[in-house]
Peer 1: 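What follows is a structure written as structure tokens; I'll ask about it next.
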Amino acid sequence: MASKDEKKATRAAKRGKRRETWSNLKQAFVLTRKTDKKLVPYMAGAGIGAAGVVFVVVWLVSGKPLIGIPVAVAAGVIAAMLIFSRRAQKSMFGQAEGQPGAAGWMLSQRLRGDWRLTQAVAGNAQLDAVHRLVGRPGIVLVGEGSPVRVRGLIASEKRNLSRIAGDTPIYDFTVGNGEDEIPLAKLNRKLLTLPSNLSKGEVSALETRLTALAGGGRMPLPQGPLPQGAKMRNMQRATRRTRG
């Protein structure tokens with residue numbers, strides 16, 4: 001059994017984690033409210049609407065209105081937090097959009113699925129970059145920066161990969177809001193639509209072969225969207241916790 005000191009340390013750690021969570025939520029709320037003037041009205045509307053509906057339903061079913069009050073309050077809080085999470089995420093991507101390093105930050109922080117990420121496998125002095133993903137679909141190259149320059153970087157990287165990857169499918173996407181580009185907020189969703197072409201063992205073997213390309217030629221790139229990388233990371237942690 002745990003000693004008193006261990007229990008005390010565990011409780012202290014839990015309190016510290018709760019304080020950090022609330023601090024991140026507060027910061028995310030403040031940052032989102034600055035750029036999203038509809039945040040508070042939408043949260044209030046969703047909370048009041050959900051609480052009212054739940055209260056009426058519980059009252060009609062049970063015939064006891066007092067029972068519906070705590071349930072309605074809980075439903076209202078949950079609805080408001082869901083609205084906050086969605087609009088905070090939208091605001092976060094809006095602030096990151098177009099900033100150097102935004103795609104690499106998103107892939108490293110919010111990537112879903114079994115992917116092996118290598119950032120900045122190709123780049124230049126203008127901070128255009130190509131990031132490489134290896135997963136069940138095969139190889140995915142994600143470019144960010146000037147579309148004209150990025151196309152050249154992707155084409156060059158494809159030629160390098162084809163000598164090692166063999167028949168493995170190679171997909172490429174460019175992040176942006178122009179024609180044939182994918183908005184940053186939709187990139188994760190696009191990756192999830194790709195078919196599974198490789199087994200887990202083949203993914204591991206492919207990644208091992210591709211490490212030979214990782215040399216020292218990668219360009220140093222920002223480790224998050226500039227100039228608000230730290231704020232973005234706090235918003236990302238907060239919105240993830242409100243969802244989960």
Peer 1: Mind checking the CG-CD spacing from Leu141 to Glu157? Nearest 0.5 Å is all I need.
Peer 2: 6.0 Å
Peer 1: To the nearest 0.5 Å, what is the distance between CD1 (Ile139) and OH (Tyr171)?
Peer 2: 11.0 Å
Peer 1: I need the Thr174 OG1 to Glu144 CD distance, nearest 0.5 Å.
Peer 2: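 CD of Glu144 is found 10.0 Å from OG1 of Thr174.
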Peer 1: Could you state the interatomic distance from CZ (Arg189) to CD1 (Ile182), rounded to the nearest 0.5 Å?
Peer 2: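 The CD1 atom of Ile182 is 11.0 Å from CZ of Arg189, to the nearest 0.5 Å.
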Peer 1: Report yes if some heavy atom in the side chain of Leu210 is under 4.5 Å from a heavy atom in the side chain of Arg116; otherwise report no.
Peer 2: no
Peer 1: Mind checking whether Asn160 and Val121 have side chains closer than 4.5 Å, heavy atoms only?
Peer 2: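 In short, these two side chains do not touch, never coming nearer than 4.5 Å.
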Peer 1: With sequence neighbours excluded, tell me which residues meet side-chain hydrogen bond (donor to acceptor under 3.5 Å, both in side chains) with Arg86.
Peer 2: none
Peer 1: Does Leu153 offer a backbone N or O that forms a donor-acceptor pair with the side chain of Ser156 under 3.5 Å?
Peer 2: no
Peer 1: Just to verify, what does Asp180 make a salt bridge (Lys or Arg N to Asp or Glu O under 4.0 Å) with, not counting sequence neighbours?
Peer 2: none
Peer 1: Rounded to the nearest 0.5 Å, how far does NZ of Lys186 lie from CG of Leu191?
Peer 2: 14.0 Å
Peer 1: Provide the closest heavy-atom pair for Phe55 versus Ala72 in the form atom of the first, atom of the second, distance.
Peer 2: CB-CB, 3.7 Å
Peer 1: Return the NE2 to CZ distance between His131 and Phe173, rounded to the nearest 0.5 Å.
Peer 2: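 Reported value, rounded in 0.5 Å steps: 14.5 Å.
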Peer 1: What's the shortest heavy-atom distance between Ile83 and Ala46, and which atoms?
Peer 2: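 Heavy-atom minimum between the residues: CG1-CB, 3.5 Å.
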Peer 1: Report whether Val54 and Met81 are members of the same hydrophobic cluster (ILVMFWY, side-chain heavy atoms less than 4.5 Å apart, transitive linking).
Peer 2: no
Peer 1: Is any side-chain heavy atom of Trp115 closer than 4.5 Å to one of Val140?
Peer 2: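 Touching, per the 4.5 Å side-chain cut-off.
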Peer 1: Do Gln126 and Ser146 touch side chain to side chain, with heavy atoms closer than 4.5 Å?
Peer 2: no
Peer 1: Run the salt-bridge test on Lys200 and Asp114 with the 4.0 Å N-O cut-off and return the result as yes or no.
Peer 2: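 Judged by the 4.0 Å cut-off on N to carboxylate O distance, Lys200 and Asp114 do not form a salt bridge.
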